[in-house]
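Reading through the structure tokens given below for one structure.
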Amino acid sequence: MKRILPALVVAGGLLLPAVGMAEDGGVTPGQFTANNVWMMLCAGLVFIMHLGFATLESGLTRAKNTTNILFKNTFIISIGILTYALVGFNLMYPGDFNGIFGFAGFGLAAGYDAAANTPAYADGGYTYWTDFLFQAMFAATAATIVSGAVAERIKLSSFMIFATIFVAVVYTIAGSWKWGGGWLDAAGFYDFAGSTLVHSVGGWGALAGVLLLGPRLGKYVNGKMNPIPGSSLPAATIGVFLLWLGWFGFNGGSVLSADPGATSFTLVTTCLAAAAGCVAAMATSWFRFSKPDLSMSLNGILAGLVGITAGADTVTITGAVIIGLAAGVLVVFSVMFFDRVKIDDPVGAISVHLVCGIWGTLAVGIFSTNPEHTLGAQALGIAAYGGFTFVSALAIFFVLKMTLGIRVSEEEELEGLDLGEHGQHAYDLATGPGWLEQQTGATARVARAPHTTLATSENA
Amino acid sequence: MKRILPALVVAGGLLLPAVGMAEDGGVTPGQFTANNVWMMLCAGLVFIMHLGFATLESGLTRAKNTTNILFKNTFIISIGILTYALVGFNLMYPGDFNGIFGFAGFGLAAGYDAAANTPAYADGGYTYWTDFLFQAMFAATAATIVSGAVAERIKLSSFMIFATIFVAVVYTIAGSWKWGGGWLDAAGFYDFAGSTLVHSVGGWGALAGVLLLGPRLGKYVNGKMNPIPGSSLPAATIGVFLLWLGWFGFNGGSVLSADPGATSFTLVTTCLAAAAGCVAAMATSWFRFSKPDLSMSLNGILAGLVGITAGADTVTITGAVIIGLAAGVLVVFSVMFFDRVKIDDPVGAISVHLVCGIWGTLAVGIFSTNPEHTLGAQALGIAAYGGFTFVSALAIFFVLKMTLGIRVSEEEELEGLDLGEHGQHAYDLATGPGWLEQQTGATARVARAPHTTLATSENA
Amino acid sequence: MKRILPALVVAGGLLLPAVGMAEDGGVTPGQFTANNVWMMLCAGLVFIMHLGFATLESGLTRAKNTTNILFKNTFIISIGILTYALVGFNLMYPGDFNGIFGFAGFGLAAGYDAAANTPAYADGGYTYWTDFLFQAMFAATAATIVSGAVAERIKLSSFMIFATIFVAVVYTIAGSWKWGGGWLDAAGFYDFAGSTLVHSVGGWGALAGVLLLGPRLGKYVNGKMNPIPGSSLPAATIGVFLLWLGWFGFNGGSVLSADPGATSFTLVTTCLAAAAGCVAAMATSWFRFSKPDLSMSLNGILAGLVGITAGADTVTITGAVIIGLAAGVLVVFSVMFFDRVKIDDPVGAISVHLVCGIWGTLAVGIFSTNPEHTLGAQALGIAAYGGFTFVSALAIFFVLKMTLGIRVSEEEELEGLDLGEHGQHAYDLATGPGWLEQQTGATARVARAPHTTLATSENA
């Protein structure tokens, strides 16, 4: 997903008669327009992943913490876009730099002439603006992954500070190493759409947070693990289907053009891996727990999607199915493993994004049809990203723990963060008139005199 | 968003080598196809805004009125499309007319030869059918805005009559003044995608309805304002994210072509304003109420979106952020203001759509890079739309109040409109077998003879 | 929706100056790219219909069976994609065959050179991979339709076996008769996007299942029909809006190109029929039950959509509205009819998909502008599909009933399939701290010593 592409890659339909194609190997206006339409829609699809994360995470946690989770997800996408415009885009894609750190300056579009209002300023196969928007939607994803793992006990203000730094600085500097053309790109590391650069990065952040926070109250008591069921499996299901849909844009857009062959092949490997992950997790949970588990099956879909992301454009069809199947098995055992070592991750984010992100990145070294992709380079990239982002996240959380604190009080955790942090319950689904009676005594009044008109004072 | 565009505007990628472009300045088939794909997808995105409104409004109101709200939203999109085909499209885009009122006749496609089935009949940069569909999805939006503000006490049949007239006649005649090429277009008024033409128009309708309806029972008692919490913040969150996504099409499609520069620049300003509105509303509510409020934050997103809509293609990046920040602050104080003057708007629609719609329209006069956009022309447009639509809506609601009545009985309001108007509760989330036991005594029967087969009469 | 298209159909914008179009009647690279973008997005839209079905079905059934329904829908899309890759695609589009049965071999892309990794392998107007993906999303739809009708009492494992065979073999062989270029295609039968090939096929499967299963416990007792209200009308509404949106891809993609005229005309007839179906079902239910029914209105939308699907590209605008209106009336009376004859279909799937699918297929013979479409050929197709798929489904369900059994125990049905099949409730929306207190006694401990720090053992 490097920004500057050779013209040959973005010229779609190469096998067809190239009537109307520019002589100089660039793209025709029609192709430029089609590229841009595709990339804008992919940005929209990645955007909707944020709704997917919000509903998934709120569905897999308790109803007393739902407002808090929704608030965090709403905040992350907003602050993510703003900080990416201010610093992130120019940290991640600094242009010529030393391969480790570069910064192209504050704000958008140094090269954009605002006074003349020529927004068509182009950057390869589509516009600068489309490029920014697509990348901004990606950036916010990494912080959102953390949100689910630390849910139900993290202090809101500390999380907001962490997420802002993580999305604006940590993710973007790390991203520059590969997608910005830095040292890992030069070292032959390959990560098509972010099994490592997005998902593992988020997963390492999640692991750091969970280690410093500790488990939720009551999760592990007297050596026994108490399962804490989520509040709404329909919400979780909506979330996973939206994430799957969003992955059409996440992987399909990472082609960085509408090249017909590359985009459509990528969507096929993506969907096959998701489906295989689902079926594998269903079978594994059925075998292990004797009943098929819906939340595991949903995580199986995500596991397959995260797994295929590093090599969606370059593995074979059979490879894609194997990657998905393995991810679906892996995620079930990983969830069980983290529970055994008392690392409490309410939504399974570490298993889905970190463990399957690593698996998918290694899988490129196994199933890629490109002989330049090697297990060694993949392992180097995994180690480099793991080291940098885990240490960075740990450092940020540690400073916050020493200063503001990162965990809510025991009372607040029991009562729920919705009341403690926001003073708002997320649900009030009673269908009777109960609330109004208690507030105003109105029903009693109606019962006494059911046909009186409304008091004027209430109906001005 | 005028329908007939100069060819230069719709020709994408002007800065690139124009190989393959038609010599006469028109669009190539490839560009025509790309334009059409983009506009159809934008129509789909605006369509999904109606689901956004449905979930947002039902989430911010009580569970006893949810069926009623969903019914209204389902009705509006349906009647909106049908009436737009019958009269609306030809009222809003009458072609040559006196600038105030024109009508091109009943039904679709006077110029369409049904017998020959040549649906490719083109209208500028894409087909006639795409044009109709995109505009029809817009039209229904204005009436939907009213729905939220009058929720929880308006009589269903009266609302349905109001909404039908409002979407078919009021919105469309008003729309012709600018987008149909009427007198306000000639006067230099600018409204790119409808801060005024859609959102304020809906907001004025909402204000008229609320003034004639009065507040909900129990909202303002003895000089005290009782907050009435919504039933489902997850539903509200789903709604706002879907609306944000839909705005990709609402603003992006208002370019009326797939022009790469204009569409992508528009999406960036749109998303920056939404994000800024969110962060500003979060901060404002945190400061004012000492806790950050999720529903205010969600309304902050909508405030930013409504605010940027009038000038999304023409303001600077910095201007977009400022417009969003201001809208996010404004919406919080506006909600508080309307509560203080006892104008009861359950979902904050008047603050979001009317107040921020006015702000966004004025902001064009401040932040536009086009020197022809002036505060004076913008104020003229705001006043003209306000006068016409507020008076029209007031008149319709007044006639309905004098005839059918516009408010449900006090008993029905207390019991909930779901039972009163539809006889259907929206939720029954008890997971036990309770209902069936009470209905049939089946459990008792099972308890007596758990291994008997099912009665043949039940299992034919 | 035949795969191999004459070049003239896929060349968009025929009425415009054809500058840049290939001389040999093929498509230009720009058009190929645009076609491919459109078809990939249509595949995404059809994908999201599976979320629509999941939420619709879970909303219209009881909360104690919600996990089970979501699990089934998650399984179907996953196994559907996998089996379509393994055998389905090559059964449905076998190339040259005897018109009744053909098989092009196992797996994807016999013609695809994996070693050379040239994924641009093209098949008419877009790539082979796009073709597979779009068709795979369709295939899974037919099985999903069955899911709703047999909900709340079918044994999970048996349903999974049925669905796998139905989607992989029955649907695909039947599909080859028309869309694969088989005998019904030769006989002049027309079904643009699947009123019969998808919806009736699913509906026949549903009818077979319901007949062998019998009604839910307590539905028909002592000659009386007990309505069993759904758990969540918001979920049902989300489902129907997502299905409507998905139909943009279902019908719009069935053009099999981005041809501007054909795609946009199709979207307009589709949306008009949906809107007309909604309004007609609202009016009919209001008239029959004296209150307007939301779930009937939602089914009216689906009825209109299913009805228009067979002729969306070929009927007139007026015809589309009439088809939708009739479908909206029909679905209400059909639901009442099936209840009268004690065929218990919890979500109305048989009425929506089978009855309105037949209506829509016949309507092509009435409203098509193509004189080659005749009522006789349409009736032949309906009979052939009905005979084959009903008998096939009945046979599969019968074998399963004789072996594994197809119905859960009476106890499990009363308790709910969520506990019986999955051991997981779908909802736990209590916002208080109740659960944790019962599990761990933590609150009691807090009450005694509210300011003690967390036990180290819980917070490692």
Side-chain angles (χ1 to χ4, degrees), chain B residues 20 22-23 26 28-30 32-34 36-37 40-41 44 47-48 51 54-55 58 66-67 70-71 74-75 78-79 81-82 85 108 114-115 117 119-120 122 126-127 129-130 132-133 235 421-433 436 439-440 442-443 446 450 454 458-460, chain C residues 12-21 28 30-31 34 37-38 41 63-64 214-215 217-218 220-221 226 229 231-234 237-238 241 245 248 258 260-265 267-268 271-272 275-276 278-279 282 291-294 297-298 316-317 342 369 410-411 414-416 425 427 429:
Chain B
E23 295 300 311
T28 64
F32 188 88
T33 304
N36 201 65
V37 165
M40 290 193 296
L41 291 164
F47 168 76
I48 210 61
L51 176 57
T55 48
S58 65
T66 300
T67 303
L70 298 173
F71 186 92
T74 304
F75 172 74
S78 298
I79 202 73
I81 293 174
L82 291 173
L108 286 182
N117 196 24
Y126 44 92
T127 73
W129 304 110
T130 302
F132 163 73
L133 197 67
E421 301 280 11
H422 307 278
Q424 290 179 300
H425 277 311
Y427 292 105
D428 182 2
L429 297 180
T431 47
L436 200 59
Q439 293 291 312
T440 66
T443 297
V446 172
L454 293 172
E458 288 186 359
N459 204 8
Chain C
L14 288 176
L15 302 185
L16 295 166
V19 178
M21 184 170 294
T28 64
Q31 286 175 308
V37 165
W38 172 246
L41 290 164
K64 65 181 179 181
L217 274 180
Y220 308 110
V221 177
N226 294 308
S231 53
S232 171
L233 291 181
T237 305
I238 290 173
F241 274 80
L245 177 70
F248 277 61
T263 49
S264 59
F265 181 75
L267 293 193
V268 170
C271 288
L272 284 172
C278 179
V279 171
M282 281 179 173
K291 297 202 174 190
D293 188 292
L294 176 59
S297 308
L298 295 171
T316 61
I317 291 293
K342 296 187 180 168
T369 56
E410 197 169 342
E411 291 84 351
L414 287 170
E415 185 187 51
H425 277 310
Y427 292 104
L429 297 180

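Proteins get letters first, then strands, A, B, ... in listed order; numbering begins at 1 in each.
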Side chains of [X] and [Y]: closer than 4.5 Å at any heavy-atom pair?
| X | Y | value |
| --- | --- | --- |
| B:L70 | C:F241 | no |
| B:Y126 | C:S264 | no |
| C:L233 | B:T66 | no |
| C:T263 | B:W129 | no |

Between B:S58 and chain C, with a heavy-atom cut-off of 4.5 Å, which part of the residue counts as in contact: side chain, backbone, both or neither?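 Neither part.
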
Just to verify, what does C:L245 make a side-chain contact (heavy atoms from CB on, under 4.5 Å) with, not counting sequence neighbours?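 side-chain contact (heavy atoms from CB on, under 4.5 Å) check on C:L245 returns B:F47, B:I48, C:L45.
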
Minimum heavy-atom distance between [X] and [Y], given as atom pair plus value:
| X | Y | value |
| --- | --- | --- |
| C:S232 | B:Y427 | OG-CE2, 4.1 Å |
| C:P234 | B:A426 | CD-O, 3.5 Å |
| B:L51 | C:I238 | CD1-CA, 3.8 Å |
| C:A34 | B:T33 | CB-CG2, 3.8 Å |
| C:A275 | B:I81 | CB-CB, 4.2 Å |
| B:H422 | C:K291 | C-CD, 3.8 Å |

Gap between atom CG of C:L267 and atom OG1 of B:T130 - 0.5 Å precision: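 Between B:T130 OG1 and C:L267 CG, I get 7.0 Å after rounding to 0.5 Å.
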
Gap between atom OG of C:S297 and atom CZ of B:F75 - 0.5 Å precision: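 Here the interatomic distance stands at 10.0 Å.
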
Checking B:T67 now: which residues fulfil side-chain hydrogen bond (donor to acceptor under 3.5 Å, both in side chains) with it, not counting sequence neighbours?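 Partners of B:T67 by the side-chain hydrogen bond (donor to acceptor under 3.5 Å, both in side chains) criterion, ordered by chain and then number, come out as B:D418.
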
Out of C:L272, C:L41, C:D293, which one racks up the most heavy-atom pairs below 4.5 Å with chain B?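 The answer is C:D293.
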
Full working for side chain to side chain contact (heavy atoms under 4.5 Å, CB included) between C:F248 and B:L133: CA-CA 11 Å; C:F248 277 61; B:L133 197 67; 4.0 Å; yes

